[in-house]
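Below: one structure, written as structure tokens.
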2 protein chains.
Amino acid sequence: MSSLTIGQVAKLAEIGTETIRFYERENLIPAPPRRPSGYRSYEPEVVDRIQFIRRAKDLGFSLREIAELLSLRVDSEAACGEVMERATSKIEDIQGKIKTLSRMKRVLTKLVASCGANEVTDCCPILDSLEGR
Amino acid sequence: MSSLTIGQVAKLAEIGTETIRFYERENLIPAPPRRPSGYRSYEPEVVDRIQFIRRAKDLGFSLREIAELLSLRVDSEAACGEVMERATSKIEDIQGKIKTLSRMKRVLTKLVASCGANEVTDCCPILDSLEGR
DNA sequence: TTAAACCCCGTAGTTTACTACAAGGTCAAG
DNA sequence: CTTGACCTTGTAGTAAACTACGGGGTTTAA
């Protein structure tokens, strides 16, 4: 038996069962088939999908944006162009985030370095001056 | 006169005046001096700070975490060690985000590439399979 | 000197993303 | 064959981060 109950999925994905149902209502995960009793019956892959949602959320994507990311696929030739367009814009978005994070990291690294260098009074660059663009 | 009213700051930072007051209440920006009338009088640097907050928020940091980031500085020798510790943990956090974003970008790039390659039926890798750890 | 545009404070409402019941049905171990 | 852990739906409550009033005082440009 490769199918899981909602509770088993919740445990594997380290998330509450109500959050899974909430994601189902919000169309972030597909409604699974049901057992005769009405219990949801999940394939193990749903765990990956939930973990993807969690990671994306942690990166500042809203659930709406995550739904868009998850819908980026092509079934028919016709949709290809539109998907490419959306994917390309997401890539730019992501590239921007990476750039900002890299700058933040560089400033923090400098902060740590100057702290270590034992510059006694007022020894660290202030983070305030980080992002004046 | 280099000082700004809240409305001028709001316009420059592309944000509402109520949000600025909200950030003040939440200690994300310092309470500015007042004019005799009670009007807030800002130095232009506050605009940078607000933009930093906006960027950090977009990267998935909560306002609490942003407040922490903004407080990373050292005035006395004593605080140095603790600041270094906090900064180091933030660097790791940021590094993790960069890594996940890079993976997302790689998968999306592959998606776009395979779309362009004109693989007609079911031509794109599904994003579902993105983050199985 | 007055009217539009701005500021003050306080409180209340909204959106997003959960999180917690309540009332009841199901399953599996002893 | 029952009991405790688990599932169902639906509704309501919460936390974070704004956002929008209302009732008033201030500035500034005509």
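Only this structure's heavy atoms are used, side chains among them; waters, hydrogens and symmetry mates stay out. We name chains A, B, ... by the order of the sequence lines, and we start the count at 1 in each one.
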Quiz item: Taking atom types as modelled and ignoring hydrogens, do the side chains of B:Arg86 and B:Ser71 form a donor-acceptor contact shorter than 3.5 angstrom?
Solution: yes
Practice problem: Can you tell me the distance, in whole Å, between the CG atom of A:Asp58 and the C1' atom of C:dT16? | Solution: 16 Å
Quiz prompt | Whether B:Arg49 side chain and B:Pro30 backbone form a donor-acceptor pair below 3.5 Å | solution = no
Exercise. For residues A:Phe61 and B:Met104, report the shortest heavy-atom separation together with the two atoms involved.
Key: CE1-CE, 3.9 Å
Quiz item: Picking from C:dC9, D:dC18, C:dC18, which would you name as closest to the side chain of B:Arg40?
Solution: C:dC9
Quiz item: Mapping A:Pro36 and A:Arg25 to their closest nucleotides on DNA chain C, which lands nearer the 5' end?
Solution: A:Arg25
Exercise. Would you mind telling me which residue lines up with the more 5' stretch of DNA chain D, A:Ser41 or B:Glu26, judged by nearest nucleotide?
Key: A:Ser41
Quiz item: Is A:Arg54 touching bases, backbone alone, or none of the nucleic acid, heavy atoms closer than 4.0 Å?
Solution: nothing
Quiz item: Nearest to the side chain of B:Thr19 - C:dC8, D:dT19, C:dA17?
Solution: D:dT19
Exercise. In whole angstrom, give the distance that lies between atom CD of A:Glu14 and atom C1' of C:dT19.
Key: 18 Å
Self-check item: Touch class at under 4.0 angstrom, heavy-atom based, for A:Arg21 against every strand present
Solution: base
Exercise. Would you state whether a donor and an acceptor, one from the side chain of A:Glu18 and one from the base of C:dC21, lie under 3.5 Å apart?
Key: yes
Self-check item: Candidates C:dA17, D:dC18, D:dT8 - which lies nearest the side chain of A:Phe22
Solution: C:dA17
Quiz prompt | A:Glu92 (side chain) donor-acceptor with A:Ser89 (main chain) under 3.5 angstrom | solution = no
Exercise. Mind checking A:Gly16 for me? I need base, sugar-phosphate or nothing, with any heavy atom below 4.0 Å counting as a touch.
Key: nothing
Quiz prompt | Residues A:Arg55, A:Phe52; criterion side chain to side chain contact (heavy atoms under 4.5 Å, CB included); working and verdict | solution = CA-CA 5 Å; A:Arg55 286 209 183 74; A:Phe52 171 77; 5.7 Å; no
Quiz item: In whole Å, what is the span from the CD atom of B:Glu24 to the C1' atom of D:dT19?
Solution: 17 Å
Self-check item: 5' priority, DNA chain D, between B:Gly38 and B:Arg64 [closest heavy atom]
Solution: B:Arg64
Quiz item: Just how far, in rounded Å, is P of C:dC6 from CZ of B:Arg35?
Solution: 14 Å
Exercise. May I have the distance from A:Tyr23 (atom OH) to C:dT19 (atom C1'), rounded to whole angstrom?
Key: 12 Å
Quiz item: Atom CD1 of B:Ile20 to atom P of D:dT19: distance rounded to whole Å?
Solution: 12 Å
Quiz item: Of all the nucleotides listed (D:dA17, C:dC7, D:dT9), which has the minimum atom distance to the side chain of B:Lys57?
Solution: D:dA17
Quiz item: Below 4.5 Å, heavy atoms only, C-beta onward: do B:Leu12 and B:Ile50 meet side chain to side chain?
Solution: no
Quiz item: If you take atom types as modelled and just measure distance, does the side chain of A:Tyr39 reach the base of D:dC6 with a donor-acceptor pair under 3.5 Å?
Solution: yes
Quiz item: What nucleotide, of D:dC18, D:dT8, D:dT27, holds the atom closest to the side chain of B:Ser37?
Solution: D:dT27
Quiz prompt | Spacing of A:Leu4 atom CG relative to D:dC6 atom P, expressed in whole Å | solution = 15 Å
Quiz item: Whole-Å distance between C:dA5 P and B:Lys11 NZ?
Solution: 11 Å
Quiz prompt | N or O in side chain of B:Thr5 less than 4.0 angstrom from C:dC7 OP1/OP2 | solution = yes
